Amino acid sequence: MTVGPRKGALHPPASIAVVGGGQLGRMFIQAAQAMGFRAGALTLTPETPAAQVADWTVQGPSDDLATLRALAERAEAVTVEFENVSAAALRWLAKRRIVRPGWRTLWTCQNRLREKTFLARHDVPHAPWRPVRSADELAAAVRALGTPMVLKTSSSGYDGRGQVRVDAEADAADAWAILGRPPCVAEGWVEFVAEASVVVARGGDGRASAFPIALNHHERHILDSSTAPAAVGPIVAQEARETALGVAQALDAVGVLCVEFFITADGRLLVNEIAPRPHNSGHLTIEAGLSSQFDQQVRALCGLPLGSCDLVRPAAMVNLLGDVWAGGEPRWGRALEDPGVKLHLYGKHTPKPGRKMGHLTVLDETPDGALTRAREARRRLMEKN
Ligand code: ATP
Ligand code: MG
């Protein structure tokens, strides 16, 4: 006989946990600790960004029963920092502890074929796509979508990994081979004018609120900067907000979720993807939000009332990738010469190109002003003298 998850809200100093050891787990733990919770991480190795700050850790793979049992012994409630946690593991945990978001939400978002099918079923506008699970389907996809198109592995892609752009029909077979011929979605190329995202917090009672829309700039398919509120006009902002809230409701997601959009030249919003967790484009809410996306994750997980998603000021965030270390140790003091710059480092020991090591946030009178200062600060990090 297993004891089911406890009913009602959790209050500090209850013990809560995140599955995953990355920076999103780290910032969840820091928010939980600030509220007086004891916060742990299920982490593969002891030196991860989340493990470094956690009150306790359980080490092991998240689909291992002994590991899950150890986690259930230590945490009253469990959330995740990435979507690729096995549904079976989450179902096992959910019989014993509060688990948010639920396995169905993750199940939909952890696989691009299921995610696109979900968007289509709920009439959420998105880019044209086709499933690719065989050479025949690949040929049919190229015929239907034309080129350029993008092949994306249906599972475990992030930061542009698991994606190949196909520029000519003749290249499609090679592109699929590069990916190892796994199940994929083929997506029509979107000539967007901008990318944006909305982070939503949703409680177990179905109440939800959305942070102001952020404008996102990617370099090499990796997020480079986010600014909020996005200068998109009130109708687009409202439409993005309603779409994101609608997606959260249709998924019955409890916790924090991010909907990423392409904005086309004619002002249409197409959903690119859904992250059922806090998102890199929401990091600026740590300083700019009355509540941060991580505060909201803690509150939703614990069944507490959600905080305000209002921003106290416009803000910008720039990522610090491993590339910033190319010329040696970054010049932290130079970046901090602007007294409004906030530095976040995730405690990763090995800077690699494209690896997210930290970020900078700046608040200003205008989103553009904030972005200019954040970029300037990042540039100074790499100055020779
Ligand atoms: P992450 O999870 O880190 O957001 P990801 O690897 O899951 O990224 P996507 O969000 O699908 O990948 O794509 C990353 C970026 O690549 C997009 O933000 C966009 O800049 C570009 N991109 C992806 N798909 C398309 C498309 N169909 N048309 C044009 N650009 C695209
Ligand atoms: Mg993305």
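Computed from a predicted model, the values in this text were never measured in an experiment. The first residue in the sequence is number 1, and the count goes up from there. Indexing begins at 1, ligand by ligand and atom by atom, following the structure's order.
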Classify the side-chain pair Glu242/Gln238 by whether it contains a donor and acceptor separated by less than 3.5 Å. yes

Give, for atom CG of Leu44 and atom OG1 of Thr67, the distance between the pair rounded to the nearest 0.5 Å. 9.0 Å

Do the rings of Trp107 and Trp103 sit parallel, tilted or perpendicular, given the 30° and 60° boundaries? perpendicular

Within ligand 1, which atoms have a heavy atom of Asn272 less than 4.0 Å away? 9 (P), 10 (O), 11 (O), 17 (C), 18 (O)

If you compare Glu187, Glu260, Arg112 by their heavy atoms, the one closest to atom 5 (P) of ligand 1 turns out to be Arg112

Which is closest to atom 25 (C) of ligand 1 by heavy-atom distance: Trp129, Phe82, Phe262? Phe262

Can a non-hydrogen atom of Gly188 be found less than 4.0 Å from any atom of ligand 1? yes

Do the ring planes of His359 and His344 sit parallel (below 30°), tilted (30 to 60°) or perpendicular (above 60°)? parallel

Nearest non-hydrogen contact with atom 19 (C) of ligand 1 belongs to which option: Glu195, Glu219, His218? Glu195

Would you kindly specify which portion of Val150 sits under 4.0 Å from ligand 1, judged on non-hydrogen atoms: side chain, backbone, both or neither? side chain

Pick from Glu273, Lys152, Glu191: the one approaching atom 11 (O) of ligand 1 most closely through a non-hydrogen atom: Lys152

Phe192 neighbourhood, listing ligand 1 atoms whose heavy-atom distance to it stays under 4.0 Å: 20 (O), 29 (C), 30 (N)

According to a hydrophobic-cluster definition based on side-chain heavy atoms being under 4.5 Å apart (Ile, Leu, Val, Met, Phe, Trp, Tyr only), do Phe28 and Leu257 belong together? no

Would you say Gln293 and His283 are linked by a side-chain donor-acceptor pair, where the criterion is simply a distance under 3.5 Å? yes

